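Heads up, the thing below is written out as structure tokens.
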Amino acid sequence: MAKNIAILAFSGGLDSTISIDWIKENYGYDVITLTVDLGGGQFSNDLEKRAKKAGALDCVILDVRKEFSTEYILPSLKAGIIYEDNYLLATSIGRPLMAKKLVETAYKYNAKAVAHGCTGKGNDQVRFDTAIKTLSANEPLEIIAPAREASLTRDEEKEYAEKLGIKLPGVEERVYSIDRNLWGLAIEGEDLEDPWVEPPEDAYLITNSVDNTPDKPSYLELSFKEGVPIKLNGKNSDFLDIIEELNIKAGDHGVGRVVHVENRLVGIKSREVYEAPAATVIHEAFQSLEKLVLNRDQSRMKNFVSNTYSDLVYDGRWFSGLRENLDAYCKSSCRYMTGDVRIKLFKSKCEVVGAKSPYSLYSYDLATYSNDDKFKHGSAVGFIDIYSLPSRIQRKQQVHDELTD
Ligand code: ARG
């Protein structure tokens with residue numbers, strides 16, 4: 001009789017490589033590896049060889065960069081999601097798509113289980129498991145998490161690999177735990193675990209340290225149509241290409257580094273660093289356009305939607321009715337998000353230096369202090385008279401303290 005199959009999320013690193021054998025030994029399943037390429041250039045080109053050498057039955061590699069950019073990054077941009085004011089959620093939006101591909105591949109190969117490399121301490125296990133359970137609710141799949149179940153230390157993992165006769169390049173080097181995709185990198189471990197220690201330069205992979213950035217600024221122009229970035233420097237471009245290009249350009253200027261102590265869903269505080277050059281530039285540009293086209297009430301509501309959406313995504317509830325509802329709000333809020341934004345990149349700073357939109361609510365005639373001023377100053381007097389009415393009545397009837405103290 002054919003053995004049961006498990007589809008294992010596979011990066012080619014030490015954890016996922018030894019997981020192949022671990023699943024075979026502990027569950028008796030055959031293992032098919034699945035590598036989901038979310039961009040950011042993270043995989044070696046001998047994945048298939050590595051997987052098969054470690055005992056995999058087959059090795060599937062999917063390039064999902066396009067789907068990631070349009071179905072995951074774009075809604076996140078439109079919603080303006082940033083966790084705890086710092087983290088642009090690259091990992092958090094990547095996991096649901098990986099989970100979706102695990103489930104699809106499992107059904108395709110008639111597999112009984114899916115497996116991922118998360119430990120029992122992080123948010124990623126919650127994101128994977130919640131997404132997998134949700135997407136497979138009608139036909140449940142078993143979930144295997146070798147790192148969570150076996151909790152091997154790095155040294156034990158190395159020994160395990162040695163016993164299997166597997167040699168992986170770079171295993172002896174000091175290792176941060178890195179998650180990387182098109183939208184950014186999350187780096188944890190080693191010296192970063194002490195919030196008092198300045199993150200060492202070698203923790204950063206795609207952004208220059210300020211000392212190595214160019215001595216001249218770069219100016220960029222990013223154009224949006226209904227909230228979607230469509231042109232970089234006047235040239236029509238696919239969103240995916242814009243992100244890839246900006247990662248290089250902004251990374252060169254050292255833009256997009258963040259050092260963050262964050263509140264994990266599982267209750268632990270963790271200290272990590274992030275690199276998100278393109279995401280930082282695109283978010284900044286998007287927000288500056290919002291300042292022109294949304295009025296005050298809309299901006300306040302948008303902040304509320306962004307915060308709710310951020311927590312929802314961070315907490316692993318991408319596939320939820322609430323997210324769909326919020327997407328509908330963001331779609332509506334992007335209706336007039338068309339225009340151009342000028343950005344200056346210099347010495348690790350990304351500064352918006354200009355923005356324009358055919359739907360801008362900014363009126364020079366009303367804002368100017370010059371002779372062109374068309375604002376009716378006299379009207380302000382009547383406005384303030386009514387506006388101050390409630391506080392004046394209250395002052396007379398109830399409040400006497402401050403002036404008489
Ligand atoms: N703290 C971030 C999050 O929960 C990033 C986790 C990234 N994982 C890693 N292996 N570095 O989304």
Side-chain angles (χ1 to χ4, degrees), residues 8-19 35-36 38-43 68 72-73 76 79 81-99 115-131 145-148 151-154 157 170-171 173-193 195 199-200 202-207 256-276 279-280 283 306-307 309-319 323:
L8 167 71
F10 183 67
S11 66
L14 181 61
D15 309 339
S16 55
T17 305
I18 61 168
S19 292
T35 304
V36 184
L38 298 168
Q42 75 264 52
F43 299 115
F68 185 45
Y72 293 77
I73 297 179
S76 309
I81 56 173
I82 304 180
Y83 185 66
E84 296 184 333
D85 296 329
N86 276 285
Y87 164 39
L88 292 168
L89 292 156
T91 297
S92 320
I93 62 173
R95 298 311 191 202
L97 177 53
M98 290 171 80
H116 58 70
C118 303
T119 68
K121 292 176 71 173
N123 300 309
D124 285 333
Q125 56 171 341
V126 182
R127 297 176 187 137
F128 266 119
D129 289 12
T130 304
R148 184 168 62 190
S151 38
L152 299 179
T153 62
R154 183 95 190 151
E157 286 186 344
V171 163
E173 290 160 20
R174 96 200 188 112
V175 262
Y176 296 101
S177 160
I178 300 171
D179 183 65
R180 179 173 186 165
N181 67 40
L182 202 53
W183 205 227
L185 278 82
I187 305 142
E188 293 173 79
E190 300 281 335
D191 309 4
L192 304 175
E193 289 176 350
D202 72 352
Y204 296 99
L205 299 183
I206 59 165
T207 52
R257 288 185 175 191
V258 165
V259 182
H260 191 217
V261 174
E262 92 192 16
N263 292 300
R264 281 191 193 161
L265 176 62
V266 294
I268 302 168
K269 274 192 192 290
S270 73
R271 204 270 201 135
E272 38 204 299
V273 301
Y274 295 107
E275 292 182 284
T280 301
H283 264 283
S306 297
N307 281 333
Y309 203 125
S310 303
D311 284 349
L312 189 77
V313 169
Y314 187 85
D315 294 354
R317 282 176 291 140
W318 180 270
F319 298 109
R323 194 186 57 82

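Just follow the structure's listing: the first ligand is 1, and inside any ligand the first atom is 1. As the structure is a computational prediction, the values presented were derived from the model and not from experiment.
Those atoms of ligand 1 with a heavy atom of Asn123 less than 4.0 angstrom away are 3 (C), 4 (O). In summary, the atoms of ligand 1 found under 4.0 Å from a heavy atom of Asp124, numbered by their order in the structure, are 6 (C), 7 (C), 8 (N). Proximity to Ser177 (heavy-atom distance under 4.0 Å) selects the following atoms of ligand 1: 9 (C), 10 (N), 11 (N). If you number the atoms of ligand 1 from 1 as listed, the ones under 4.0 Å from a heavy atom of Glu262 come out as 1 (N), 2 (C), 3 (C), 4 (O). Taking every non-hydrogen atom of Ala186 and a distance limit under 4.0 Å, the qualifying atoms of ligand 1 come out as 5 (C), 7 (C), 11 (N). Listed by atom number, the atoms of ligand 1 under 4.0 Å from Tyr274 heavy atoms are 1 (N), 2 (C), 5 (C). Which parts of ligand 1 touch Tyr87 is read off a 4.0 Å heavy-atom cut-off, strictly below it: atoms 2 (C), 3 (C), 5 (C), 12 (O). Shown in contact with Glu272 at under 4.0 Å from a heavy atom are these atoms of ligand 1, numbered in order with element: 1 (N), 2 (C), 5 (C), 6 (C).
Taking the six-membered ring for Trp and the full ring otherwise, the centers of His116 and Phe128 sit less than 6.0 Å from each other.
For the side-chain contact (heavy atoms from CB on, under 4.5 Å) with Val273, the qualifying choice from Leu192, Val258, Thr207 is Leu192, the only one to do so.
Using modelled atom types and a 3.5 Å distance limit, the side chains of Tyr274 and Asn86 yield no donor-acceptor pair. A donor-acceptor contact under 3.5 angstrom links the side chains of Glu262 and Tyr314, judged on distance only.
A pairwise comparison of heavy atoms in Ala186 and Thr91 identifies CB-OG1, 3.7 Å as the closest pair.
For ligand 1, one of its N or O atoms has an N or O atom of Glu188 under 3.5 Å away.
Using 4.0 Å as the threshold, Tyr176 has no heavy atom nearer than that to any atom of ligand 1. Under a 4.0 angstrom heavy-atom cut-off, Tyr83 registers as lying outside contact with ligand 1. Contact annotation: Arg127 has at least one heavy atom less than 4.0 Å from an atom of ligand 1.
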For side-chain contact (heavy atoms from CB on, under 4.5 Å), just list the numbers for Val126 and Asp315, CA-CA rounded to whole Å, side-chain angles, deciding distance to a tenth of an Å, and then say yes or no.
-> CA-CA 7 Å; Val126 182; Asp315 294 354; over 6 Å; no
Show your working on side-chain contact (heavy atoms from CB on, under 4.5 Å) between Leu265 and Arg127 and close with a plain yes or no.
-> CA-CA 10 Å; Leu265 176 62; Arg127 297 176 187 137; over 6 Å; no
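The aromatic rings of Phe319 and Tyr72 sit perpendicular, their planes meeting at an angle over 60°, well past the 30° parallel limit.
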